[in-house]
Structures are given as structure tokens and as C-alpha cells.
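Quick notes on the structure that follows.
Because only heavy atoms are used, hydrogens play no part in the values below, and waters and symmetry mates are left out as well, while side chains stay in. All residue numbers refer to positions in the sequence shown, counting from 1.
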Amino acid sequence: AHKQRLYETIALFSGSWVDKLSTKAAFEACLQDASVTAIENHETPAPKELSDWRDTCRDSLCNFYAFATLGSTTFDSLRDVIADQRIDRIVEVGAGTGYVAKLLSQHGLSVEAYDINPPDQASNEYHGLTVPYFPVKQGGVSVLKAGCSSTALLLCYPPPRSTMAFDALNTFIDHGGRCLIHVGEFKGLTAGPADFEGLLLGEMDCVSRIPCPTWTTDATDCTVWMRRHTSDTETALLLPCGSCGRRESRHRCRLLRCLTYCSKECY
């Protein structure tokens, strides 16, 4: 699969396709009105040949590794944040191949990984049948039991068309959980239904935002959330404006999706 991606890349960018007038015209057509759009739009404009190549490259990385990953600078920041909050272990639900759990474990963090379908036991919807990078135990939301106050719940790219993220966070809070680590993209491809984001904003405050490397067009970051102590605290921003930082983002740059804005003035 990796060799096939390499051959496709050579064919696209070393051949005559990229220099054709028709290719340039296709790019220009894609870029019309593409600078700022609704926050939920996750398609980056490109001619079909390029978008197909881009998506297959991304899908390979997602299937073999994980739908998001963490950069080398992420681990020190994450370790400091959870240590300040007196968290002594991380439980990942929906761990898939265990790739992110392995990275965290290699950097000195105590991690347990669970998936409803560990990919070495049964065919996983997202990762097929493969050997995990880290021991992934079979289990779902039910593994979040009483005594979660010193545990961080890790959700990495929770399924977008599932209640899993909401169910996990709700169960976690009910059992005394205080800390959530979310790796993914709010108001985009991850996090599932709006119920999850509503629950998160209603119960927790964001204490850290750490940028992540992205697979092509994603806009992934790692955020750490803690239970709110009082109901008087101002509601956190799910996706702060990248310019003013004071208001919720309502628009996203389609060419560089990590850039988000609350208004045309900030753009």
C-alpha cells in the first residue's frame, strides 16, 4: 500500500498532469469562494485526481496507525498538565490499534487501552484485522467504573456518527471523572453528535490546547478538559477564534482548515 501511494505521487507530481492547463483551470474553479466557509465543512477544494490521491494517502495512515497522532512536543506539555491536576493514569476508550496509547506509554505515562473490537481479535470497522501497537483490551464505556477521580479519559478521534463519545464522557462524569483528553477536531470530523460537545461545555473547562500534526486536510489538536467546580464559571470556548481568541469560531478557512474565525472582521 505504501509503495502504491509512492507510485501515485510520482505519477501526479513528476508527470505532465500538474502542468496541464486543464489542471490549473480545475484548481481555479475549486478555489472560487473557498477562503472562508461554514465551520462544519471539512472538504478542502482540489481537482478530483488530487483529492482522491490525498484521501487515499490519509486513509492508509488512519487505517494502519490512527486517525490522529501526537507531535514530539505534545508529550511534555500533556505530562505537565495532567500532573498538575493530580491524574495518575489514562484510560483510552475506542483505542483502535493502540498507536496513540503506545506513544503515551513510551513517554512515561500510565495508559490502559480498550476497544469494543480490538483489531487483533475481530475485524475492526476502522482498522480491519491487524496487530495492535499496544495491548488493547476488549471493552467499551462499561470499563469506566467508580473511582475515576485520578483517571483521565482519552478519546482520540471518536466516531463522528456515533453516541460513543457522549456515552463515554457521561459515564465517566457519573463515576467521578474529572479530566478528559480529547484528540481530534471539534465541529468537524470528530466528536460525534452535538450532544457530546454540549455535555463537554456544560460540565468542563478547557485547561490546555496543544497543536497536533495533521493527516493532510484535518485540523486536529489535543485539548485537556477538567470538571468545572461551580456553575458560575463562564462557559469555555469549544473552538476559539484564531484571531481574537475571545469568541467562538463560526468560520473555517477551507485551504488551511486549522485557521478558524468568529467573523469576517477577524478573518
- Measure the spacing between CG of Leu109 and CD1 of Ile90 and express it to the nearest 0.5 Å. 4.5 Å

- Flag the pair Leu70 / Val183 as yes when at least one side-chain heavy-atom distance between them is below 4.5 Å, and no otherwise. yes

- Identified side chain to side chain contact (heavy atoms under 4.5 Å, CB included) counterpart of Ser249 within the set Leu238, Leu259, Thr260: Thr260

- Message: What's the separation between atom OG in Ser150 and atom CD1 in Ile87, rounded to the nearest 0.5 Å?
- Response: 6.5 Å

- Any idea how Phe186 and Trp225 line up, ring-wise: parallel (<30°), tilted (30 to 60°), or perpendicular (>60°)? perpendicular

- Query: Relative to each other, are the rings of Tyr65 and Tyr133 parallel, tilted or perpendicular (30° and 60° limits)?
  - Reply: parallel

- Give, for atom NE2 of His251 and atom SG of Cys266, the distance between the pair rounded to the nearest 0.5 Å. 10.0 Å

- Message: Within the structure provided, determine whether Met226 and Asp205 are in side-chain contact (heavy-atom separation under 4.5 Å).
- Response: no

- Message: For a 4.5 angstrom cut-off between non-hydrogen side-chain atoms, does Val93 reach Asp115?
- Response: no

- Correct closest heavy-atom pair for Tyr126 and Pro159 would be OH-CB, 3.6 Å

- Message: Return the CG to CZ distance between Leu237 and Arg209, rounded to the nearest 0.5 Å.
- Response: 7.0 Å

- State, yes or no, whether a side-chain contact exists between Thr223 and Asp221 at a heavy-atom distance under 4.5 Å. yes

- Query: Within a strict 4.5 Å, meaning less than it, do heavy atoms of the Arg247 and Cys244 side chains meet?
  - Reply: yes

- Distance col, row Glu92:CD vs Ser105:OG, nearest 0.5 angstrom, shows 12.0 Å

- Query: Do Val143 and Ile116 share a hydrophobic cluster (ILVMFWY, side-chain heavy atoms under 4.5 Å, transitive)?
  - Reply: no

- Query: Passes side-chain contact (heavy atoms from CB on, under 4.5 Å), Ile181 versus Leu153? Steps please.
  - Reply: CA-CA 6 Å; Ile181 303 170; Leu153 168 63; over 6 Å; no

- Scanning both residues in full, the closest heavy-atom pair of Cys62 with His127 reads O-CE1, 3.1 Å

- Query: Are the charged groups of Glu203 and Arg227 less than 4.0 angstrom apart, N to O?
  - Reply: yes

- Shared hydrophobic cluster, Leu169 / Val91 (ILVMFWY, side-chain heavy atoms < 4.5 Å): yes

- Message: Just so I know, are the side chains of Leu129 and Asn124 near enough to count as touching, which here means a heavy-atom distance under 4.5 Å?
- Response: no

- Message: Under a 3.5 Å cutoff, is there a donor and acceptor pairing between the side chains of Glu112 and Tyr114?
- Response: yes

- Message: Please say yes or no: joined through hydrophobic side-chain contacts below 4.5 Å, possibly via intermediate residues, are Val136 and Leu103 part of one cluster?
- Response: no

- Do side-chain atoms of Thr171 reach the backbone of Ala168 as a donor and acceptor pair under 3.5 angstrom? no

- Task: Measure across Met164 and Val141 and return the closest heavy-atom pair with its distance rounded to 0.1 Å.
- Result: O-CG2, 4.3 Å

- Hey, mind stepping through Asn170 and Asp174 against side-chain contact (heavy atoms from CB on, under 4.5 Å) and telling me if it holds? CA-CA 6 Å; Asn170 194 41; Asp174 285 347; 4.1 Å; yes

- Can you check whether Lys187 reaches Glu197 side chain to side chain, under 4.5 Å on heavy atoms? yes

- Query: Within the side chain of Arg178, is there an N or O that forms a donor-acceptor pair under 3.5 Å with the backbone of Gln85?
  - Reply: yes

- Start with the C-alpha distance between Phe196 and Leu155, add both sets of side-chain angles, then the distance that settles side-chain contact (heavy atoms from CB on, under 4.5 Å), and finish with yes or no. CA-CA 12 Å; Phe196 167 73; Leu155 296 176; 4.0 Å; yes

- Would you say the side chain of Leu78 lies within less than 4.5 Å of the side chain of Val224, judging by non-hydrogen atoms? yes

- Apply side-chain contact (heavy atoms from CB on, under 4.5 Å) to Tyr157 and Thr220, showing your working. CA-CA 9 Å; Tyr157 232 98; Thr220 306; 4.2 Å; yes

- In Å, rounded to the nearest 0.5 Å, how long is the span from CD1 of Ile210 to OG of Ser77? 5.0 Å

- Query: Is the backbone N or O of Ser72 less than 3.5 Å from a side-chain atom of His107, with the two atoms forming a donor-acceptor pair by type?
  - Reply: no

- Query: Closest heavy-atom contact between Thr97 and Pro119?
  - Reply: CA-CG, 4.1 Å

- Message: Looking at every non-hydrogen atom in both residues, tell me the closest pair between Ala113 and Ala95 and how far apart they are.
- Response: CB-CB, 3.7 Å

- Query: Between Cys262 and Glu248, which heavy-atom pair has the shortest distance, and what is it?
  - Reply: CB-O, 3.3 Å

